[in-house]
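Nothing here was measured: the structure is a model prediction, and the numbers come from that model. Numbering of residues begins at 1 and proceeds along the displayed sequence.
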Amino acid sequence: MVIRTNERTSMVGGGFYNRNSSLQALVAEECGGLVSPADVQGKSITFADYGCSEGSNSSRMLRKALYSCPQDSTVTIVFNDTPANDYNSLSGTIDRSLREPENKGSRKVFSLMAPQSYYEQVVPNDFVDIGFSTASLHWIARLQPTSPDLLPSDADVSAEVLADITRFLQTRYKEVRKGGHLLLSFPVDGALSLKCAYASIFQTLKDLAADNIIPQTAASKFRLPFHFRTKDEIAQALDAVKDQWQVVEHFDRDVAHPAFLQFQSTFADSPFSSPSAKALDEYSQAISAGFVAIIGNTVVDTARVFRDKVGSGDLSPPEVIRARMVEKLQLRLRESDFWQTPLGNKYVFLKLKKI
């Protein structure tokens, strides 16, 4: 099995991901609602969020989970993400959230940070009562150019994602206490999708290369660093760890992007009419920013790697690459017919109990 180490993936920081991840926020909140009072009995409870990013979505999820904890309990929350994550933004987000009285009541709540890849063990054995991972398990480390063993373009991605999810679940098995739970949500193949924007993303990269913002090679070599699993792939992963994890809940749900629902409402009474220019501007801007919040740093990493390989001179600063990508992607989306397709994702929700 490939060892996943030195993972450098991160969402765009500085509050950008917090502001532009409304779809992921809905999923995180629903995942937090899967915690029941029976799961969190005792005076001392430990949560761990694997892949927390800047923390806004974690806060919504944990607000739901904390409701189930006894009022006289002490709750420790471990926030985990890769070393490249924006921990300054995360700490500020956590601090603001935990100061809100409704988030903890009379409970004592403490927070810890674990800056490591979740493909490694990040806390001691038998440390966690409930672990969470929302909207991050579709990321594939070796699809990114910074990986020392970049996955070949003709590789079997299904085998790769099985290795990834199996390693994640086996590592969490060490960290979660016996009888503890792991709550997961991740996007899967379905009718509701983000794929209607993919063509515009790749055209945007060509635009950036034409303007000498990123190298031509980076534009042609870029790969979206995620894979949406099929039902068969999920079944394979659960079968691989059936001696470690019992499936308590397993369901899927279509989650429409809030920006799409807002956009659709502007002409809901006239479904066959064209949207107003203002509505389309706002919608394409929201979707552009959302994609850049997710993959903007991966585009920067790809530009760096292929700048070094081809010796193409100075590279534009990361903030310039990301800002121009938002601008160019919004224009490409407006020029396309992406708005005619419902935008969102099908998400699988899993509640697993350690055997």
Colleague: Would you mind checking if K354 and D126 are paired as a salt bridge, meaning a charged N to carboxylate O distance below 4.0 Å?
Modeller: yes

Colleague: Thinking salt bridges, do R60 and E29 make one under a 4.0 Å N-O criterion?
Modeller: yes

Colleague: Please name all residues satisfying salt bridge (Lys or Arg N to Asp or Glu O under 4.0 Å) with E319, sequence neighbours left out, ordered by chain then number.
Modeller: none

Colleague: So, does S265 use its side chain to make a donor-acceptor pair with the main chain of Q262 at under 3.5 Å?
Modeller: yes

Colleague: Quick one: salt bridge (Lys or Arg N to Asp or Glu O under 4.0 Å) pairs with a partner in residues 340-351, sequence neighbours left out?
Modeller: D39-K351, D252-K346, D254-K346

Colleague: Students often mix this up, so state it plainly: with edges at 30° and 60°, are the rings of F226 and W139 parallel, tilted or perpendicular?
Modeller: perpendicular

Colleague: Any non-hydrogen side-chain atom of L315 less than 4.5 Å from a side-chain atom of P215?
Modeller: yes

Colleague: Check this for me, if you would: do R229 and D189 make a salt bridge, where the nitrogen-to-carboxylate-oxygen distance has to be below 4.0 angstrom?
Modeller: no

Colleague: Is the Y283 to F263 ring centre distance short of 6.0 Å?
Modeller: yes

Colleague: Between T166 and A163 (side chain of the first, backbone of the second, donor and acceptor by atom type, cut-off under 3.5 Å), is there such a pair?
Modeller: no

Colleague: Would you check, one step at a time, whether the test side-chain contact (heavy atoms from CB on, under 4.5 Å) holds for V292 with I294?
Modeller: CA-CA 5 Å; V292 174; I294 296 168; over 6 Å; no

Colleague: Charged N to carboxylate O below 4.0 Å: is that the case for R142 and D149?
Modeller: yes

Colleague: Is the closest side-chain heavy-atom distance between L350 and L238 below 4.5 Å?
Modeller: yes

Colleague: At what distance, to the nearest 0.5 angstrom, does CZ of F260 lie from CG of L23?
Modeller: 12.5 Å

Colleague: Just by distance, do the side chain of N297 and the backbone of M11 share a donor-acceptor pair under 3.5 Å?
Modeller: yes

Colleague: Any side-chain heavy atom of N85 sitting closer than 4.5 Å to one from F79?
Modeller: no

Colleague: Under 4.0 Å between a Lys/Arg side-chain N and an Asp/Glu carboxylate O for K278 and E282?
Modeller: yes

Colleague: Return yes if some donor-acceptor pair links the side-chain N/O of E54 with the main-chain N/O of G15 below 3.5 Å, else return no.
Modeller: yes

Colleague: How about I77 and V109: do any of their side-chain heavy atoms sit closer than 4.5 Å?
Modeller: yes

Colleague: Whether the Q121 and T171 side chains hold a donor-acceptor pair (N or O, under 3.5 Å, no angle test) is what I'd like checked.
Modeller: no

Colleague: Can you tell me how far the OG atom of S59 sits from the CD atom of E100, to the nearest 0.5 Å?
Modeller: 7.5 Å

Colleague: Is the distance between the ring centroids of F186 and Y347 under 6.0 Å?
Modeller: no

Colleague: Could you list the residues that satisfy side chain to side chain contact (heavy atoms under 4.5 Å, CB included) with S288, not counting sequence neighbours?
Modeller: V326, L329, Q330, L333

Colleague: Give a yes/no verdict on a cation-pi contact between R172 and F168, requiring under 6.0 Å between NZ or CZ and the six-membered ring centre and an angle within 45° of the axis.
Modeller: yes

Colleague: May I ask you to check whether Q144 and T298 show a side-chain donor-acceptor distance below 3.5 Å?
Modeller: no

Colleague: Would you compute the distance between atom CD1 of I94 and atom OG of S89 and round it to the nearest 0.5 angstrom?
Modeller: 9.5 Å

Colleague: For the side chain of D81 and the backbone of C52, is there at least one donor-acceptor N/O pair under 3.5 Å apart?
Modeller: yes

Colleague: Is the closest side-chain heavy-atom distance between Y17 and S10 below 4.5 Å?
Modeller: no

Colleague: Enter the distance from I214:CD1 to T302:OG1 here, rounded to the nearest 0.5 Å.
Modeller: 8.0 Å

Colleague: Looking at K108 and D72, is any side-chain nitrogen of the basic one under 4.0 Å from a carboxylate oxygen of the acidic one?
Modeller: no

